[in-house]
Novice: 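Let me begin by handing over the structure; questions about it come next.
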Amino acid sequence: MQNYANPTHFLRLVRVLLPVTAGLTTGLLAVGLYLALFVAPADYQQGETVRIMYLHVPSAWMAMFVYLVMTSAAIGTLVFRHPLADVAQKAAAPLGAAFTFLCLTTGSLWGKPEWGTWWVWDARLTSVLVLFLIYLGIIALWQVIEDPGKAARLVAIFTLVGAVNVPIIKFSVDWWHTLHQPASVFRMGGPTIAASMLWPLLIMAVGFTTLFLTLHMLAMRNEILRRRLRRLSMLAADGAAPLGVVAEPAE
Amino acid sequence: MSQKPQAEKRQAAIQTRRSPLAALLVRDLRIGRRIGGAVSMGVVFFLCLVTVTPFAVGPDQALLARIGPAILWIAALLATLLGLDRLFQADAEDGSLDLFLMSETPLELIVVVKCLGHWLLTGLPLVAASPIFGLMLGLEPAALARVTASLLAGTPALTLLGAVGAALTVSLRRGGLLLAVLILPLSVPVLIFGVAAAGDPVVGFKTPFLILCGLTLAAVALTPFAAAAALRHAGD
Amino acid sequence: MNLAAPHSGFVIAAYAIAFVVIAAMVIGTLADYRSLKKSLERIAARARHIGDARS
Amino acid sequence: MQIEASALSVERGGRVIFAGLGFGLRAGEALLVKGPNGAGKSTLLRALAGLLPLASGDIRITPATEARLDHDDFGSIRSKIMNVIDFKGLERDSGEKPGSTFSPPALAELCHYIGHADALKPALTLAENLAFYAALLGGGEIAAALARLGLAGIADLPAAYLSAGQKRRAALARLVAVARPIWLLDEPLTALDTMSQTIVGELMREHLEMGGLIVAATHAPLPIAARDLVLGRPL
């Protein structure tokens, strides 16, 4: 693992892994979409609307998975001071926000025909909305602090505070929801689900995960290049950009 | 702290002087009292929010009495968070924060005492004012007591959560808005249980109030570490 | 997929939005990569230029 | 006691401020950090005070050796230095391991840091300001400290009404009020008139005679015997 602390090694690893994950993602999403749109049956209650679930549930899963990735990266930044951890953390935040946004919009599109309104203060949607706000806060914190090293440590602290808070938020929103809407509302998914629906769902979920991994690697590569560029620009501004510097890998 | 015989002489010297944390609390309270604006401004802002809400929802007494606890809680939440951005910033700008870091007293405890001072100056006046503003919203006496008790138990948690945001944004010139963006989502649980304890007829007072107290205790136990860590990293 | 079903518009909209969001992520990341590469090359050329001038 | 700093380097915002810096300083010695603007003088002091993380390198504090202790007569500061060290439980392992290493936070507790900012609250009086820092940093007599820096007459004025020189002296009064063995002074003489400069010079000499250590960053010459550490432009 320490070997990949060196960004140049990491960039080499990306070059090897990228075609694999990109190909895997394309294949999985193609199969998953085919199954979700054409093979899986329409629900006897919800009709065709159930097909939104194949997007909604995987993106909800990604919203949490990306936060998990960011939390481990935050620990990597604060505890192990791994140089790639804050790159990973910064690259993941906008992707997590995008998946969370997707989860919210698909949830809303599913809610309109099912519940008759575009937005319902359903426990799960509300929790995801709060998670979305936390993602936006993390992105804002990245943007306003200029020094990447300092930003990384402060964002890592906030990410961990959020990680402790997310289960509490989930618990309190569930409690709040049962308090205000005791009537049973049909929930998406559920413990019992037919195999014809489960397979497309699993394949889409795995496809979304590999999609995230691919994009995450690309975004990390961008971030490494951005830091290299920043360093070189600073050297150039100091009037001390010797020839060798450009060939030297970023640190 | 030390059991060495040589330390006994020191012990006498230590006892004659004030403990660092007590000195810090006295200092912050004194500054708050001398500057004055800090205490009254929070309450005035609280009053402004309570005044503005009926213009938004209409002067329907019954409706106002029903959502009164919620209005008071939202107003307390905003008044607490918007006043917090200077919590550590003033000390960071004039160099006091450097000296906090060089003290033998752990920064975590200093954070707790700073929060205590800030809550006494801004949170407590809000709690004290809430029954009066509750009357303006037409709350029943029982509801007034519940709102006041829930604010008393819940506002310390808001101050402590806000302290994390204040520490994260300490080096930013205009960190106030960002502080609110960072901390408002995290204060959702406090708001939920606070409002439920304040005025939900279905669930009663005890359960949400106890959970609210638990949240405050958890905030006391955990947030100082996050805030202190952020302050240590904000210097560079 | 039955296009004539009552709510199929919502399904299509959901998939379209997912497509747009994912495409935006992919295109945004790749465009960012290209512009970073270009900037890096520019600064490398600049350094070479300075180096030539010095020698 | 002595400080041994080796291979210090500090980075801020991806920029190397200085690298590979080292120096040694024994009890009673002063080090004058010189260099042009932006060379990292303030950064070095802040790093020594533990306020900035070191990118690499380490700082060792070694307590005075036994022999040296026997011969020296204990001045008040020296005994406090030893007390501080004792308090940290360092004397305990000095038997088997004379060179105990402080981690930076512990080092910070041995240091006085006088930075660019005077750390005074304008709403509080001078005496209140100083009494707070005395309590925070480890206790001491503030009346004597104020008198020593010629501030006794204005001790009950709010700091807001003081001149820059008076504020600077109030910050320097911390050095007298609280005994700490290592002084890190960033431009200590700024805004001071000649008479105050003389007083501060005396304070520094006394501190050194009692076995204290001083690291000062300054453009102006200091009225004490000191070794120089000249920092160049980064890279």
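Throughout, a chain's letter reflects where its sequence line sits, starting with A, and its residues are numbered from 1.
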Novice: Kindly say whether D/Ala123 contributes a backbone atom to a donor-acceptor pair with the side chain of B/Arg34 at under 3.5 angstrom?
Specialist: yes

Novice: Is there side-chain contact between B/Ser96 and D/Lys121, with heavy atoms separated by less than 4.5 Å?
Specialist: yes

Novice: Based on non-hydrogen pairs under 4.5 Å, which of B/Leu21, B/Leu24, B/Thr105 is most in contact with chain D?
Specialist: B/Leu24

Novice: Could you give me the CA-CA distance, side-chain angles and deciding distance for B/Leu101 and D/Leu51, then say whether side-chain contact (heavy atoms from CB on, under 4.5 Å) is met?
Specialist: CA-CA 7 Å; B/Leu101 287 162; D/Leu51 299 171; 3.6 Å; yes

Novice: Name the option with the most non-hydrogen atom pairs under 4.5 Å to chain B; the candidates are D/Tyr113, D/Tyr133, D/Phe132.
Specialist: D/Phe132

Novice: Do the side chain of B/Ser103 and the main chain of D/Leu136 share a donor and acceptor less than 3.5 angstrom apart?
Specialist: yes

Novice: Check whether B/Ala90 gets within reach of chain D through its side chain, its backbone, both or neither, counting any heavy atom under 4.5 Å.
Specialist: both

Novice: Taking only distance into account, with no hydrogens and no angle test, what donor-acceptor pairs under 3.5 Å do side-chain atoms of residues 157-165 of chain B form with protein atoms, sequence neighbours excluded?
Specialist:
{"unit_1": "B/Thr159", "atom_1": "OG1", "unit_2": "B/Thr155", "atom_2": "O", "d": "3.2"}

Novice: Is B/Leu97 close to chain D through its backbone or its side chain, or both, or neither, when contacts mean heavy atoms under 4.5 Å?
Specialist: neither

Novice: If we define contacts as heavy-atom pairs under 4.5 Å, which of B/Ile31, B/Ile110, B/Leu99 has the most with chain D?
Specialist: B/Leu99

Novice: In terms of heavy-atom contacts, does CG of B/Leu177 have more than 12 from other residues, nucleotides or ligands at under 6.0 Å?
Specialist: no

Novice: Under a 4.0 Å N-O cut-off, is there an ion pair linking D/Glu128 with B/Arg27?
Specialist: no

Novice: Looking only at heavy atoms, what is the nearest atom pair of B/Ala23 and D/Ala135, with distance?
Specialist: CB-CB, 3.5 Å

Novice: As a quick check of understanding, evaluate side-chain contact (heavy atoms from CB on, under 4.5 Å) for D/His112 and B/Met102, giving each step before the final call.
Specialist: CA-CA 8 Å; D/His112 265 303; B/Met102 301 185 72; over 6 Å; no

Novice: Within a 6.0 Å radius of atom CZ on B/Phe225, are there more than 12 heavy atoms belonging to other residues, nucleotides or ligands?
Specialist: no

